[in-house]
Number of protein chains: 4
Amino acid sequence: MSPEIARLGHVALETPDLDESLAFFGDTVGLEVVERTEGTAYLRAVEEWDHHSLSLTEADESGIDHIGWQTEEPEHVAAFAETFEDRGMDVTWVEAGAEAGQGGAIRFEVPNGHRFELYGEMAKPDAPAERRSRLKNRQYDPTDNGPVAPNRIDHLQIWDGDALQCAEWIQDELGYQVQEYYDLADGSRWGTFLSACGVKIDLAIVQSENEDDDAAVHHVAYEVDSANDLFEAHNVMNENRVPVDGIGQHGISRGEFMYARDPASGHRIEFNTGSYLTLDPHWEPVAWEENDISDGDDHQWIGGIDSLKRVTY
Amino acid sequence: MSPEIARLGHVALETPDLDESLAFFGDTVGLEVVERTEGTAYLRAVEEWDHHSLSLTEADESGIDHIGWQTEEPEHVAAFAETFEDRGMDVTWVEAGAEAGQGGAIRFEVPNGHRFELYGEMAKPDAPAERRSRLKNRQYDPTDNGPVAPNRIDHLQIWDGDALQCAEWIQDELGYQVQEYYDLADGSRWGTFLSACGVKIDLAIVQSENEDDDAAVHHVAYEVDSANDLFEAHNVMNENRVPVDGIGQHGISRGEFMYARDPASGHRIEFNTGSYLTLDPHWEPVAWEENDISDGDDHQWIGGIDSLKRVTY
Amino acid sequence: MSPEIARLGHVALETPDLDESLAFFGDTVGLEVVERTEGTAYLRAVEEWDHHSLSLTEADESGIDHIGWQTEEPEHVAAFAETFEDRGMDVTWVEAGAEAGQGGAIRFEVPNGHRFELYGEMAKPDAPAERRSRLKNRQYDPTDNGPVAPNRIDHLQIWDGDALQCAEWIQDELGYQVQEYYDLADGSRWGTFLSACGVKIDLAIVQSENEDDDAAVHHVAYEVDSANDLFEAHNVMNENRVPVDGIGQHGISRGEFMYARDPASGHRIEFNTGSYLTLDPHWEPVAWEENDISDGDDHQWIGGIDSLKRVTY
Amino acid sequence: MSPEIARLGHVALETPDLDESLAFFGDTVGLEVVERTEGTAYLRAVEEWDHHSLSLTEADESGIDHIGWQTEEPEHVAAFAETFEDRGMDVTWVEAGAEAGQGGAIRFEVPNGHRFELYGEMAKPDAPAERRSRLKNRQYDPTDNGPVAPNRIDHLQIWDGDALQCAEWIQDELGYQVQEYYDLADGSRWGTFLSACGVKIDLAIVQSENEDDDAAVHHVAYEVDSANDLFEAHNVMNENRVPVDGIGQHGISRGEFMYARDPASGHRIEFNTGSYLTLDPHWEPVAWEENDISDGDDHQWIGGIDSLKRVTY
């Protein structure tokens, strides 16, 4: 049986100032700091059970260390490793515990330079008693995390000099399903919106302006409850002097969004709500063409968020 | 020129446990404690400029000390006093500062036992620097007050053994405008919904089950931004083990609500949103009759909130 | 490979007055009528692609005809049929097209009397041009369906005289995953909250007051965008003289809800928002005990909605 | 006793295509058409009682005919007229009924070219029976007006070559109260935010880029219930191919907004929510300076909405 990937797990970011980045992602955004080791902090959202969906490591400059995906079963990690090695790819094993809370994992590069990690097991630590929700179906009482308190990691958007090639490799080798895609008037693919979990978009791969651009992460998105929360998040950012990149609704995915960036690292977070589930076992990708939505119709869906401000690996 | 009342200012409540009541109204509800003197704490909401809209005084048992209303001009206080004394009413002067932040005031009893206070001047203290909003048009950064953070005091609902007599006195002597009223099938007045400020309901006077019932306060209402906030408040109460009395929409006033009670004192707060403004200089009262809205249509508009649980003076 | 069920597809209801029930589910609730044949109407929500998630058939009295589930692959229908027949169960084949838009299907009884249907294929008809959304990732422009316009079917709640037996059969034979369950103080199982799709609750099975109660459906739930929409739906019901059964938040599933019933048939619909996804491939069921949430904490989570008002098969 | 103005009443707009403008303001926005005469349509919002808050008249090109304000008492109209004539201003009397539903009125020019109308009486026609709300405190059932259904007119923003002079005249001669103002770094006044009703901003006067710019209206704002409704309105505009000018939150007034323009006339509407009441009888204007909020903090508060796209008288 083929190994499978179950879902987006976490993103490992590098920041030149860990304390300031924690002030942003922890205090301002409202994520929970689960563990802090020498040089790295691990965070999760209030409705997450797994050890972390975000890690922040102090480094000389901002960057992406890797993007972590959980396999359907623990033994699928080795199965993927074997396949990749058979093709001559470089696969690095990460011992259990090297990344806090995580079982044995592999790391490798997806074309054209995106560093992926696959792991099968992740600890699910209890929230501290004073932070525990009274509801048994969530870990944290979210009412102490400010007015926003994102629920869970939702998706990543990455940019690539050959976005189509990158997306096709991920479809073919990792089995992600295409939910939507967008073609420019010249027939080229601008973006592919993929699902590892099979029921919603969790990875968007977008074409860089130049073929030579380095592989980069444009944003990591966390889900909030409603459009009202986007305005609450806007308010939180303004009160904390964090520049807001925009608020609006995407055509693709129908997600409503608010963007802000960590002042210390420049990593961008999207607060996201309103996207849909594809429970249909036979989902057919939604095909967009350039003129389906013009700038005038929904000026923020493309170009509205400064695409040059993204962080490379 | 006749003296006029400008608006509802505050309600002065008594509690058998000031610390616990502060834990409720301050930490759980999200009001700001502006000042605490021996035995009394003064609170205001994040969008209020005046010194307090709620005071809590430790006493042997729960009770209402008085309901405070601001006059249009400071000199109107004495003008009201003169009128009331001419009619042989008991009028008590309260010196400036006796109630923290407040100028000279009078207290007197409205039929049938409601203690009103009129004052003309109230301090507008600055929020502490670390709590000050970056926006110059509000005092506090509300994003530190939990997910709800009520904006401002909205209205009071009082119960009376002869609610019609009480309402008519307040119309005639204090000049409040009737916004809506509700008559039972037998022609008797069940409730009168009045406005001191002239643009929205700020005082509801409801008929008690028995004519001999003591004058009482059913709830004090604070405004929140939206129906979403009512669910947020519900969540906050559940996480803090505070019983919720109900959530829904009133027919009268069209206000959407969530009710909870201070565990220490039994005083009920309504989180309120969605009511309307009457900027019309010639507003005609809305006349409801008993069958206009039946229980089945809007089961919570009357009787849905336990009316016996109210606090007397 | 074992046959699998992919998701909840639809519920087939009977009503004594089809026109009136269509006025409710179509005009008031805001579902779309996709097709109407002699005696049966087929409806779907604005974000659904499949032919129907609700059918209404005129009958002498209100009732449930069947609950439809889609298999992962079309050929799984026959595989399930074979297994059931091997155990001596009655399995009825339904020809393709007998239920509009649907491929070949089987019907059978789950203990203790719930009529399930399994099908593998369902048509995905285009919305009429004048109703088509400009967004390619949804069929209908929802802004013509009133202020609520539910997105998609979310879950069913059924009641049973031996709810535990019913739930265990469904787990064992159909492979549904348990997301949460609730045990009474005497150790008996009150409710089991299952997932056919694997990522969210889509079937709740609750213990009837009496063991002899007939198998029944308590409600069918459709998802809306936010808590604000619950109040919008409340408003729509009041304006259309449809009694509202309650509005609030469940402890189990954390879903926020508003209930109303079709005046013609008594079938209850829940407008639902705010529940969570379990993308975790190793989800451990959430175990509730009777005292985890008391009536005072969240009075509507159990018993708040009149459980006697449910419709049998 | 000095004559007083009670509130903003309506705005009278000219459009080159009345039918298309009605398709926008009526069908898309969700205002109600109360009356249509030869060449003019009168509209009001679902929670308004007065005959109209917007009129649309077919003309050669888009323009503003006048802005209507209601006086506190009918006889104040003549009192204002007398004062203005004493100063040598041109005052034109408009007979009762010449503007549908309206009593006798005067029109005159405010510096530097804004056409104001003052009237004391306005009819309050009943909604048609089939459109009447079941709630006696509103005219229309809003659930038939799409997902947005603005409640009432909220404010106007006008632009002027000498905005300070214009604002001061309105303060001095018409008695409007200043709620907030904004000064540029060079000490000049960029905008004054005034209140005729005394409890909220209903007129904003903003400095044009050039002193010679004609007097113009930038937008008319209607209030909606919540930030969620702004996204609903965004959705409605996209589905109806109406370009959206932006969505966000203002610093001044704290109002959350969504802007769109009538495709036929170019008149801009703001959907607005979240602004505050100033019930304080001694409100002190909020004084902003240019650096209090920078572009980066809240990029949409100034300049974010294309100020050149405004319509002149």
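Owing to the predicted nature of the structure, the values given are computational and were not obtained by experimental measurement.
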Structural part of C:N145 lying under 4.5 Å from a heavy atom of chain D:
neither
Determine the sole option in D:N238, D:T28, D:V236 for which the side-chain contact (heavy atoms from CB on, under 4.5 Å) test with C:T143 is passed.
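Going through D:N238, D:T28, D:V236 one by one, the side-chain contact (heavy atoms from CB on, under 4.5 Å) with C:T143 is satisfied by D:V236 alone.
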Quickly, which of D:R138, D:R132, D:R134 forms a salt bridge (Lys or Arg N to Asp or Glu O under 4.0 Å) with C:E239? Name it, please.
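Output: one option passes, namely D:R138.
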Closest contact, heavy atoms only, D:S226 versus C:N228:
OG-ND2, 2.9 Å
Closest approach of D:P142 to C:N235 (non-hydrogen atoms, all atoms of both residues)
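Closest approach of D:P142 to C:N235, heavy atoms only: CG-ND2, 4.2 Å.
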Under 4.5 Å from any heavy atom of chain C, what part of D:D144 do you find: side chain, backbone, both or neither?
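The answer is neither part of D:D144.
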